[in-house]
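One structure below.
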Amino acid sequence: MSLIFPYAPLQELTPTEKTLNQALAAARAPVERGVARLKSWRIFRRSRCSPDRMTSIAKAVLTLERQR
């Protein structure tokens with residue numbers, strides 16, 4: 001898996017760079033909203049358990065969220 005970074009506006013961006021930045025922002029926004037929604041659950045803000053346990057808890061929370 002690789003990370004994709006937006007073009008920094010060090011100078012005027014080309015139309016292609018602007019389009020790529022917009023596409024990246026559009027793809028990133030739903031993920032950021034999802035993470036924010038998970039953080040609204042107190043268990044994710046104050047957890048002190050193993051990552052494996054948190055994975056199970058996240059699956060349960062996502063199942064509950066879908067039922068809402």
Side-chain angles (χ1 to χ4, degrees):
M1 183 164 85
S2 63
L3 297 176
I4 301 172
F5 294 96
Y7 287 97
L10 301 173
Q11 63 222 15
E12 185 65 30
L13 296 178
T14 66
T16 302
E17 291 172 335
K18 287 180 183 180
T19 302
L20 289 172
N21 279 355
Q22 289 172 344
L24 180 60
R28 188 179 62 226
V31 175
E32 289 180 355
R33 283 192 301 271
V35 170
R37 184 145 189 174
L38 285 177
K39 284 184 176 181
S40 72
W41 288 70
R42 183 174 182 212
I43 194 163
F44 291 111
R45 288 190 308 249
R46 302 203 179 243
S47 66
R48 294 181 185 255
C49 58
S50 73
D52 291 333
R53 178 86 172 127
M54 285 307 296
T55 300
S56 298
I57 292 170
K59 288 178 183 177
V61 168
L62 290 171
T63 300
L64 292 172
E65 280 290 323
R66 280 192 221 133
Q67 300 301 319
R68 247 206 244 199

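Keep in mind that what you see is a predicted model, and the values were worked out from it rather than measured.
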Side chains of residues 9-19: which donor-acceptor partners sit under 3.5 Å, not counting sequence neighbours?
residue: E12; atom: OE2; partner: K18; partner atom: NZ; Å: 3.1
residue: T14; atom: OG1; partner: E17; partner atom: N; Å: 3.2
residue: E17; atom: OE1; partner: T14; partner atom: N; Å: 3.1
residue: T19; atom: OG1; partner: P15; partner atom: O; Å: 2.9

Residues 20-28 side chain polar contacts: donor-acceptor under 3.5 Å, at least two apart:
residue: N21; atom: OD1; partner: Y7; partner atom: N; Å: 2.7
residue: N21; atom: ND2; partner: Y7; partner atom: O; Å: 3.0
residue: R28; atom: NE; partner: E32; partner atom: OE2; Å: 3.0

Name the atoms and distances for all side-chain donor-acceptor pairs under 3.5 Å in residues 48-62, with sequence neighbours left out.
residue: S50; atom: OG; partner: R53; partner atom: N; Å: 3.2
residue: T55; atom: OG1; partner: P51; partner atom: O; Å: 2.9

